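To keep things clear, I will list the structure first and then write my remarks on it.
Just so we're clear, the structure is a prediction, and the values are computed from it rather than from any experiment. For ligands, and for the atoms within them, numbers begin at 1 and follow the listed sequence. Only this structure's heavy atoms are used, side chains among them; waters, hydrogens and symmetry mates stay out. The residues of the chain are indexed from 1 along the displayed sequence.
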Amino acid sequence: MQTFHTINGLRQALAAERAQGKRIGLVPTMGNLHEAHLELVRTALSSCDIVVTSIFVNALQFGLNEDWDRYPRTIEVDTHKLEDAGCHYLFHPSDSEMYPNGLDTQSRVICPTMTDMLCGASRPGHFEGVTTVVTKLFNIVQPDEAVFGLKDYQQLAVIRRMAEDLCMPVKITAAAIHREPDGLAMSSRNGYITAAERPVVNVLYNTLQEIANRINEGNQDFSALEGEGKKRIQAAGFRVDYLAICNSRTLEPAAIDDREITVLGALYTSAARLIDNVSLTLENRG
Ligand code: PAF
């Protein structure tokens, strides 16, 4: 695997690959890689000849009180993991390589409405930071395909919408959520969960799954299901950020006749905010 810190270096290497007709896949990450990220790389490898993984802790998507400065940076271990997974190129730019004119005057990509709800409501500006950096990465790498994890469901939906709205010539692929044996979705922020919280924090996944099962069984009282779910999470000792039953594509509150539904939730532990989701497709009950 070759590592590039500059846009020009990476572009030259990729131009040579593209000239040979190679299909290029991109896996954007912020590093601190775990099994779920490696699964994204493997997903990209299954349909692309060349896989580029980017590691960049993007300040533009962190709020002022968030964990940008303490976000784990583990580049050496990450490099070995990517090599073992069969990744071809690592793009690891500096802040000044990505934002040479600084953050304040950086041009931005805005995807309205969808980014104001759910995670966007408690993290103002977050998705604008994501769509901006992802657009830059798309322009730098010009991938045929880019792979994102389903765990960040709203991020995936926003990026899909952005690529569609702005006619970006890239296929957006979703990779399944990787879970610990008790159901907890793998995340770089799981490192912030305390030993006391760890045995009960899977209440988030269990609650979302329970709601999905109830909807599958025909329950259509979405607001009651959301209310009961919130109580269950609170009873386990966590503050709920949101719990919402949504249309899988638009993320608007689900309507009775929606067939593709995603149940999304976020809770606060003492030192982290964790998110998860469960999607379901309802058979036509005609
Ligand atoms: O999901 C992430 O790790 C980040 O939001 C992404 C897509 C790499 C953009 O910085």
Side-chain angles (χ1 to χ4, degrees), residues 4 7 10 25-41 43-44 51-63 66-75 78 81-82 85 87 89-95 97-99 103 106-111 114-115 118-120 122-141 143 145-163 166 168 170-178 185-192 251 264 266 272-277:
F4 289 97
I7 295 170
L10 179 69
L26 170 66
V27 179
T29 81
M30 298 204 301
N32 192 222
L33 304 180
H34 47 70
E35 208 29 56
H37 293 109
L38 302 177
E39 197 55 42
L40 304 183
V41 173
T43 302
V51 172
V52 182
T53 300
S54 62
I55 295 185
F56 179 63
V57 186
N58 175 35
L60 203 62
Q61 71 187 73
F62 286 76
E66 291 185 354
D67 56 347
W68 180 77
D69 43 356
R70 67 182 171 116
Y71 198 86
R73 288 159 174 85
T74 52
I75 190 67
D78 290 351
K81 287 182 179 171
L82 288 173
C87 177
Y89 295 106
L90 166 60
F91 180 49
H92 182 45
S94 63
D95 293 331
E97 181 70 6
M98 286 300 275
Y99 297 118
L103 293 185
Q106 166 68 40
S107 305
R108 294 168 191 231
V109 178
I110 296 167
C111 201
M114 230 178 161
T115 51
L118 306 170
C119 288
S122 54
R123 302 187 71 189
H126 167 69
F127 285 111
E128 195 174 306
V130 171
T131 47
T132 299
V133 82
V134 168
T135 299
K136 286 177 76 106
L137 291 167
F138 284 179
N139 287 337
I140 293 164
V141 175
E145 187 169 339
V147 184
F148 295 87
L150 269 167
K151 202 211 80 191
D152 296 299
Y153 190 88
Q154 188 176 10
Q155 168 172 282
L156 175 70
V158 166
I159 289 170
R160 282 207 157 117
R161 182 62 196 270
M162 170 187 82
L166 300 180
M168 294 177 168
V170 53
K171 179 181 177 209
I172 307 296
T173 298
I177 301 180
H178 233 73
M186 286 193 190
S187 161
S188 300
R189 292 195 169 94
N190 288 356
Y192 301 144
L251 296 185
L264 301 101
R273 183 175 162 282
L274 303 181
I275 60 173
D276 203 347
N277 66 87

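- Of the protein's non-hydrogen atoms, Met30 CG, 3.6 Å is the one closest to atom 3 (O) of ligand 1.
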*side chain to side chain contact (heavy atoms under 4.5 Å, CB included) between Tyr89 and Val141, intermediate numbers included*: CA-CA 11 Å; Tyr89 295 106; Val141 175; over 6 Å; no
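- For the residue pair Asn58 / Tyr99, a side-chain donor-acceptor distance below 3.5 Å is found, with atom types taken as modelled.
- Residue-to-ligand polar distances place Gln155 within reach of ligand 1: an N/O pair is separated by less than 3.5 Å.
- Those atoms of ligand 1 that come under 4.0 Å of a heavy atom in Gln61, given as number and element, are 4 (C), 5 (O), 9 (C), 10 (O).
- Residue Arg161 places its CZ atom among 12 or fewer non-hydrogen atoms of other residues, nucleotides or ligands, all under 6.0 Å distant.
- Near Thr29, meaning under 4.0 Å from one of its heavy atoms, ligand 1 places the atoms 8 (C).
- Across every non-hydrogen atom of Ala185 and Asn190, the tightest pair is O-ND2, 2.9 Å.
- Atoms of ligand 1 lying under 4.0 Å from any heavy atom of Pro28, numbered from 1 in the order shown and given with element: 8 (C).
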_Before you tell me yes or no, could you show the steps for His37 and Lys81 under side chain to side chain contact (heavy atoms under 4.5 Å, CB included), namely the whole-Å CA-CA distance, both residues' side-chain angles and the distance that decides it to 0.1 Å?_
CA-CA 10 Å; His37 293 109; Lys81 287 182 179 171; over 6 Å; no
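- Taking a cut-off of under 4.0 Å to the non-hydrogen atoms of Val133, the atoms of ligand 1 that pass are 9 (C), 10 (O).
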